[in-house]
Every structure is written in structure tokens, then in C-alpha cells.
Amino acid sequence: MDMEVLDDVPLEDLNYETILGYRNRHQVLNAGHPFERLNNDEYLRSIGAAAISKEDHQLHPTAAGMLIFGNEYNIVRHFPDYFLDYREVLDPSIRWTDRLQSSSGEWSGNICDFYFRVYNKIIKDVKVPFSMKGGDRIDDTPVHKALREALANCLINADYYGTRGVVIKKDQDRIIFENPGYIRTGKEQMRKGGKSDPRNKTLMKMFNLVNIGERSGSGVPNIFNTWEDQGWKEPVIEERFDPDRTILTLEFVDKTNKEKAAKKTSEENKRRKQAKKTSEGSTIRNKTIENMVKIENYLKENGESKTNDIAEYLNLSSARTRKILSEMKTIEAIGTNTNRKYRLKDNQK
């Protein structure tokens with residue numbers, strides 16, 4: 001979804017200071033890279049932040065370029081529900097110890113600046129054992145790498161057309177990463193790793209160019225391995241629907257014998273819950289099939305329709321409706337992301 005060319009947006013709408021900061025990082029981390037000698041326009045095109053429009057054959061930002069380098073007031077023109085929020089509560093008696101919001105107007109509000117500002121905040125109070133190598137102190141520990149991966153994964157896989165936005169919450173002993181959108185590979189596959197299906201492939205490429213994020217699908221398993229090596233409680237992945245959200249909770253809390261015993265005795269409860277979940281899953285699937293039939297009838301009666309119109313008819317969220325539409329073999333999508341409509345295939349009419 002982030003490869004769309006924004007035909008009506010000039011490159012000048014992007015934030016020059018953010019682009020300059022990104023290019024400097026890229027150059028420091030990858031000295032002698034072929035992109036180093038390109039001018040700004042050529043550079044943006046090479047990394048996927050800009051592309052030639054089919055409309056006027058001129059260079060314009062892509063959706064990814066706008067998200068990572070744009071100003072918030074321009075980004076929301078194309079992603080109305082775009083919102084980035086960092087909340088820090090280190091003192092329970094104070095509502096917010098620190099807060100950073102994309103809509104504050106005090107900074108650019110784009111993904112690139114948000115990432116680096118928030119990363120510096122979440123590592124500030126992380127207690128990591130002192131480590132030496134060859135007489136030098138190692139400041140970039142596996143914990144730092146895991147936190148970089150968690151933050152990048154949250155931003156790369158967010159559905160920026162979804163509601164509630166990206167929310168990072170930090171308190172005294174944990175950090176919670178929330179992003180809109182369901183898990184494209186499924187929760188179990190995300191935990192296992194080995195397969196990567198990022199929602200925003202161009203954003204992933206741009207993060208990778210400055211050595212952030214894993215392309216191989218090993219990022220989340222590495223987070224779990226790091227937490228296990230530290231002796232901390234196992235990270236928790238949650239997936240919620242209507243609206244769709246993915247939540248990763250990382251706690252800086254040591255495992256105790258009591259917790260281990262509780263985990264062992266809970267296995268039987270898990271089996272009972274799984275049996276109940278299977279029954280509930282069947283009910284949810286039946287409801288989905290019922291909604292698919294309603295969509296087909298709606299399209300037969302109304303012809304080409306937008307997601308929002310279909311969602312209103314079904315009384316569901318746009319995100320949930322979009323997921324159901326993606327599973328239907330009897331319909332086809334036409335148009336770009338912003339103007340996308342759905343219709344019945346010819347052999348279904």
C-alpha cells in the first residue's frame with residue numbers, strides 16, 4: 001500500500017531536514033554506497049520515497065515517502081487517521097512523565113523523526129548488564145537491538161488507513177507497542193519467524209538502508225530469544241479485531257520460580273481454553289461467511305462500491321470489511337488505494 005504515487009503532491013512538500021538527517025545516517029553507516037553521489041531527487045527515487053507519475057510523467061512522493069519524510073499536516077491529507085503517540089509514565093503519581101505526539105505541531109510528525117526520537121527515549125532507562133569486548137565497553141547490546149526491532153516492526157507493519165494510530169507506552173518495568181492492522185502472517189508464524197510479509201515494503205526498505213529491521217522474518221524470534229537470555233518474562237503478542245490491532249508487550253521483569261510453577265499448572269487450563277476457542281472460531285467463521293453473502297447481494301444491487309459504503313451496510317469497521325473483501329474470490333478490486341472500489345467478477349453477475 002505504500003508504493004502508491006501521490007500525483008497531486010510536489011516533492012517540495014517533504015521535510016528537507018528529515019531527508020538530510022536520513023541521508024547523513026545512510027552515508028555514515030554505508031560509506032561509499034552508490035546512492036551517496038545522487039542528488040536529492042534521484043536519491044528519493046532510488047530508495048522508493050518518490051516515483052514518476054503516470055499522470056504527468058513528473059517525480060512525486062510515494063505514500064511511503066510522505067509517511068517517512070512528510071510533515072504531519074500533509075500526511076493526514078492522504079492518511080486521515082494517521083497518528084503517532086509515545087506515552088511515558090515512570091512516576092505513577094503523574095499522568096504523563098513524557099509524551100510525544102505527531103499532531104503536536106512542535107516537530108515534523110513523520111515516521112522517520114518519530115522512530116529516532118522514541119528509540120532514544122525507550123533505551124534511556126533500560127538496565128542492561130555492563131559488558132566488555134576487547135577492553136572496550138559494548139553499548140549496543142542485544143537488548144538495544146531487540147528494542148530497535150520492536151519499534152521498527154511496529155511502524156513498518158502498521159495499517160496507516162486503520163484507526164487509533166500507533167501507540168508506544170513505557171512505564172517503570174515494561175514497554176507496549178501497539179499498531180493498527182492485523183498480523184499478515186498470523187500470530188504463530190510471527191512468533192516462529194522465517195517468513196516476512198510486511199504491510200509496507202517500501203518503508204521496510206528505507207529502514208533497512210540505515211541498518212534497522214530484519215528482512216528475513218527473524219526480528220520477532222530474536223526479541224524472544226533476547227528476553228529469554230536476560231531471564232525476563234516472555235514477551236506477549238496480542239491480536240485484536242474491530243478495530244484490528246497488533247500489540248507487543250515487553251516486560252523487564254525477572255522470571256520467578258512461582259511464575260514458572262504457575263505456567264506449568266496452567267497447561268491444562270490452556271487446553272480447555274483451546275477447545276472453547278475452537279468452538280468460538282467456528283462461530284466467527286460462520287459470521288464471516290454470512291457477511292460475504294451480504295456483500296455479494298449488496299454488489300449485485302448497487303454495483304461498484306467503496307469499502308466505507310459496504311462497511312456501513314454491514315455495520316462493521318472499514319478495516320474488518322477490507323479483510324473480509326480480501327478473502328472473497330468472487331469479487332475484484334479496481335482503482336488505487338484512495339479510490340478503490342469493489343465489484344462482482346463477470347462470472348458472478
d(Ile122 CD1, Lys170 NZ) to nearest 0.5 Å is 7.5 Å
Would you please test Asp171 and Lys169 for side chain to side chain contact (heavy atoms under 4.5 Å, CB included) and show each step?
CA-CA 7 Å; Asp171 60 28; Lys169 294 182 283 190; over 6 Å; no
More than 12 foreign heavy atoms under 6.0 Å from CD of Glu332: is that the case here?
yes
Check this for me, if you would: do Arg285 and Glu327 make a salt bridge, where the nitrogen-to-carboxylate-oxygen distance has to be below 4.0 angstrom?
yes
I want to check something: taking the side chain as every heavy atom from C-beta on, are Gln27 and His33 in contact at a cut-off of under 4.5 Å?
no
So which atom in Gly165 and which in Pro180 form the shortest heavy-atom distance, rounded to 0.1 Å?
O-CD, 3.2 Å
Would you say the side-chain atoms of Arg25 pair up with the backbone N or O of Val210, donor to acceptor, closer than 3.5 Å?
no
Trace of the side chain to side chain contact (heavy atoms under 4.5 Å, CB included) decision for Ile295 with Leu314:
CA-CA 8 Å; Ile295 290 172; Leu314 297 176; 3.7 Å; yes
Report yes or no: do Ile247 and Leu250 belong to one cluster of Ile/Leu/Val/Met/Phe/Trp/Tyr joined by side chain heavy-atom distances under 4.5 Å?
no
Show every side-chain hydrogen bond (donor to acceptor under 3.5 Å, both in side chains) that has at least one partner inside residues 156-166, sequence neighbours left out.
Asn153-Asn157
Which residues share a side-chain contact (heavy atoms from CB on, under 4.5 Å) with Asn315, sequence neighbours left out
none
Nearest atoms (heavy-atom pairs only) where Leu147 meets Phe252:
CD2-CZ, 4.3 Å
Should Asp98 and Lys121 count as an ion pair when the cut-off is N to O under 4.0 Å?
yes
Let me check something: do Leu344 and Tyr298 share a hydrophobic cluster, defined by ILVMFWY side-chain heavy atoms less than 4.5 Å apart, either directly or through other members?
yes
Side-chain contact test, heavy atoms from C-beta onward, threshold under 4.5 Å: evaluate it for Tyr43 versus Tyr22 and give yes or no.
yes
Let me confirm one number: the SG-CD1 distance from Cys112 to Ile68, rounded to the nearest 0.5 Å.
5.0 Å
Counting only heavy atoms not in Tyr16, do more than 12 sit closer than 6.0 Å to its OH atom?
no
Leu90 backbone acceptor or donor facing Gln172 side chain under 3.5 Å
yes
Cation over ring face, Arg199 and Tyr182, 6.0 Å, 45°:
yes
Atom pair CG/CZ of Leu299 and Arg343 - distance to nearest 0.5 Å:
11.0 Å
Stepwise side chain to side chain contact (heavy atoms under 4.5 Å, CB included) check, Leu248 with Cys154:
CA-CA 9 Å; Leu248 172 66; Cys154 179; over 6 Å; no
Knowing that exactly one of Asn74, Thr18, Asn71 qualifies, which makes a side-chain hydrogen bond (donor to acceptor under 3.5 Å, both in side chains) with Asn110?
Thr18
Looking at Val5 and Ala51, what are the two nearest heavy atoms and their distance?
CG2-CB, 3.7 Å
Non-hydrogen atoms of His26 and Phe35 that approach each other most closely
CE1-CD1, 4.0 Å
Answer yes or no: is there a side-chain heavy-atom contact under 4.5 Å between Glu290 and Val293?
no
Closer than 3.5 angstrom, by distance alone: can the side chain of Asn208 be matched with the main-chain N or O of Gly213 as a donor-acceptor pair?
yes
So, do Pro235 and Thr249 sit near enough that their side-chain heavy atoms are less than 4.5 Å apart?
no
About how many Å separate OG of Ser305 and CZ of Arg340, when rounded to the nearest 0.5 Å?
15.0 Å
Are Val236 and Phe224 connected in a single hydrophobic cluster, I mean Ile/Leu/Val/Met/Phe/Trp/Tyr linked by side-chain heavy atoms less than 4.5 Å apart?
no
Testing the basics here: between Lys345 and Ile331, what is the closest heavy-atom pair and its distance to 0.1 Å?
CE-O, 3.3 Å
Nearest heavy-atom neighbours spanning Met206 and Ala49
SD-CB, 4.0 Å
Taking everything shown except Arg184 itself, do over 12 heavy atoms lie less than 6.0 Å from its CZ?
yes
Donor-acceptor pair, side chain of Gln230 and main chain of Val143, under 3.5 angstrom
no
Within the structure provided, determine whether Thr62 and Asp2 are in side-chain contact (heavy-atom separation under 4.5 Å).
no
Would Arg87 and Asp85 pass as an ion pair if we require N to O under 4.0 Å?
yes
Check whether Trp232 reaches the backbone of Thr226 with its side chain - one donor and one acceptor, N or O, closer than 3.5 Å.
no
Do Tyr119 and Ile212 have side chains that approach each other closer than 4.5 Å (heavy atoms only, starting at C-beta)?
no
Side-chain contact, heavy-atom cut-off 4.5 Å: Leu59 with Leu44?
no
Answer yes when Lys300 and Glu296 have at least one side-chain N-carboxylate O distance shorter than 4.0 Å, and no when they do not.
no
Got a donor-acceptor contact below 3.5 angstrom from the Asn200 side chain to the Ala158 backbone?
yes
Is there a path of hydrophobic side-chain contacts, each under 4.5 Å between heavy atoms of I/L/V/M/F/W/Y residues, joining Leu84 to Phe116?
yes
Tell me, do Lys294 and Ile324 make a side-chain contact under 4.5 Å, heavy atoms counted?
no
Counting only heavy atoms not in Lys323 (residues, nucleotides, ligands), do more than 12 fall under 6.0 Å from its NZ?
yes
From CA spacing to verdict: side chain to side chain contact (heavy atoms under 4.5 Å, CB included), Phe114, Ser102
CA-CA 8 Å; Phe114 182 79; Ser102 57; 5.8 Å; no
Between Glu17 and Ser108, a side-chain donor and acceptor under 3.5 Å:
no
Does the Glu36 side chain pair with the main chain of Gly32, one donor and one acceptor, at a distance under 3.5 Å?
yes
Honestly curious: do Phe69 and Val76 fall in one hydrophobic cluster under the side-chain, below-4.5 Å linking rule?
yes
